[in-house]
Asker: 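Take a look at the following structure, please.
Computed from a predicted model, the values in this text were never measured in an experiment. Position 1 is the first residue of the sequence, and the numbers go up from there. Counting starts at 1 for both ligands and their atoms, following the listed order.
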Amino acid sequence: MARKKFIAGNWKMTTNSQSARTLAQGVVKGLGDESSVEVALCPPFPWLGIVAEEIKNSPLSLGAQNVYPVNEGAYTGEVSPTMLADAGVKYVIVGHSERRHGMGESDFILNRKVKAALAAGLNVIFCIGETLAERESNQTNSILEYQTTAGLVGVDHGSLSRLVIAYEPVWAIGTGRNATPEQAQEAHAFIRSVYGNLFNAEAAENLQIQYGGSVKPDNAAVILGQPDVDGALVGGASLKADSFLAIIRAGLGK
Ligand code: 13P
């Protein structure tokens, strides 16, 4: 069965309460009742409630950008998986390079986050990707294999239908320099094979793998047209309803 395309907007640490509301309204209006593609909006924590309200009668899903791997306790400043679920969140991004490299999150803590989020019933968008230095020294596959294996160790087969992987080459994020469709396809096919070895062939066949890194309306169709590219995790171009909707249409093949 063909995998459904999944387009998610990662708003990162941008927007304010009003612009978040307006952006969500614009996407809701433009998407209408189109449900042959999955679409999620991942605003900053303080606007989760606002966006939840705006998307409640639409096919859109709510996503969060981070989570702490414990459900409750003395963890000042952190947000738990059960709190996110309670707030109406369906997806949570784990392992974004801005957290791996910017905030120093280790494979170990990311694995804990993946498992805790899945245990709370959330869907996880697990991000992996190589740096430019790693690509240039031919380590791309070994990095992708390591991050996938370390991040997903101990994940039970029963929750695999709620797991999405996002391939985000670090050198393509926010740089305007996207991976070529061939580079994306090659990495995605490799990730799928690693995943198949970790779990099984059926799980690998069903796995949605998003590409992220400078996806724009003008490159989305060709990237999303690759056989192993099942969607996009979009940063900058998700901050305008028009450009995000154009990427969604590209995902629909329109
Ligand atoms: P850009 O689309 O701005 O390159 O960001 C990609 C990204 O990091 C999505 O998570």
Side-chain angles (χ1 to χ4, degrees), residues 5-15 19-20 23 27 37-45 47-48 51 60-67 84 89-105 110 113-114 117 122-132 134-135 143-144 147-148 151 163-181 183-184 187-188 191 208-224 226 229-251:
K5 293 275 196 281
F6 175 28
I7 315 292
N10 175 8
W11 295 359
K12 306 192 179 181
M13 200 174 72
T14 73
T15 65
S19 66
L23 179 51
V27 178
V37 59
E38 251 175 283
V39 184
L41 302 179
C42 308
F45 287 136
W47 323 142
L48 284 172
V51 174
L60 283 157
S61 300
L62 188 62
Q65 300 173 21
N66 189 24
V67 66
L84 292 180
V89 166
K90 177 172 179 187
Y91 292 97
V92 62
I93 300 172
V94 174
H96 194 281
S97 77
E98 285 149 20
R99 302 217 54 96
R100 287 179 186 271
H101 301 288
M103 311 292 173
E105 292 190 358
L110 296 176
K113 290 184 176 201
V114 168
L122 295 169
N123 292 38
V124 171
I125 300 175
F126 182 61
C127 303
I128 58 174
E130 80 288 359
T131 63
L132 186 59
E134 287 160 351
R135 175 162 282 269
I143 293 294
L144 296 179
Q147 290 180 344
T148 304
L163 188 62
V164 173
I165 291 186
Y167 169 57
E168 296 209 313
V170 180
W171 47 272
I173 297 175
T175 57
R177 179 181 168 191
N178 59 284
T180 64
Q183 285 171 326
H188 284 224
I191 294 163
Q208 287 170 311
I209 308 178
Q210 296 178 313
Y211 168 79
S214 299
V215 177
K216 308 282 177 220
D218 62 0
N219 62 22
V222 59
I223 294 175
L224 290 166
Q226 302 302 307
V229 177
D230 309 308
L233 184 53
V234 186
S238 72
L239 299 174
K240 293 252 179 336
D242 284 354
S243 53
F244 190 54
L245 288 162
I247 293 169
I248 295 169
R249 281 194 296 275

Asker: Evaluate S214 for polar contact with ligand 1, using N/O atom pairs at a separation under 3.5 Å.
Answerer: yes

Asker: Hey, is ligand 1 close enough to G235 that some N/O pair sits below 3.5 Å?
Answerer: yes

Asker: Decide whether the shortest distance between a heavy atom of G213 and an atom of ligand 1 is less than 4.0 Å.
Answerer: yes

Asker: Please collect all salt bridge (Lys or Arg N to Asp or Glu O under 4.0 Å) contacts where either partner lies in residues 6-15, sequence neighbours excluded, each pair once.
Answerer: K12-E98

Asker: Does any non-hydrogen side-chain atom of C42 lie less than 4.5 Å from one of W11?
Answerer: no

Asker: Are A172 and ligand 1 in contact, using a heavy-atom cut-off of under 4.0 Å?
Answerer: yes

Asker: Cut-off 3.5 Å, no hydrogens considered: what does the side-chain donor-acceptor table look like for residues 231-239, sequence neighbours left out?
Answerer:
unit_1, atom_1, unit_2, atom_2, d
S238, OG, V234, O, 3.2
S238, OG, G235, O, 2.7

Asker: Write out the residue and atom name of the closest protein heavy atom to atom 3 (O) of ligand 1, then the distance separating them to 0.1 Å.
Answerer: G236 N, 2.8 Å

Asker: Is the shortest N/O to N/O distance between G174 and ligand 1 below 3.5 Å?
Answerer: yes

Asker: Among all the protein's non-hydrogen atoms, which is closest to atom 9 (C) of ligand 1, and how far away is it?
Answerer: E168 OE2, 2.9 Å

Asker: Quick one: do W171 and E130 satisfy side chain to side chain contact (heavy atoms under 4.5 Å, CB included)? Show the steps, please.
Answerer: CA-CA 8 Å; W171 47 272; E130 80 288 359; 2.9 Å; yes

Asker: For the ring pair F126 and Y167, is the centre-to-centre distance below 6.0 Å?
Answerer: no

Asker: Has K216 got any heavy atom lying under 4.0 angstrom from an atom of ligand 1?
Answerer: no

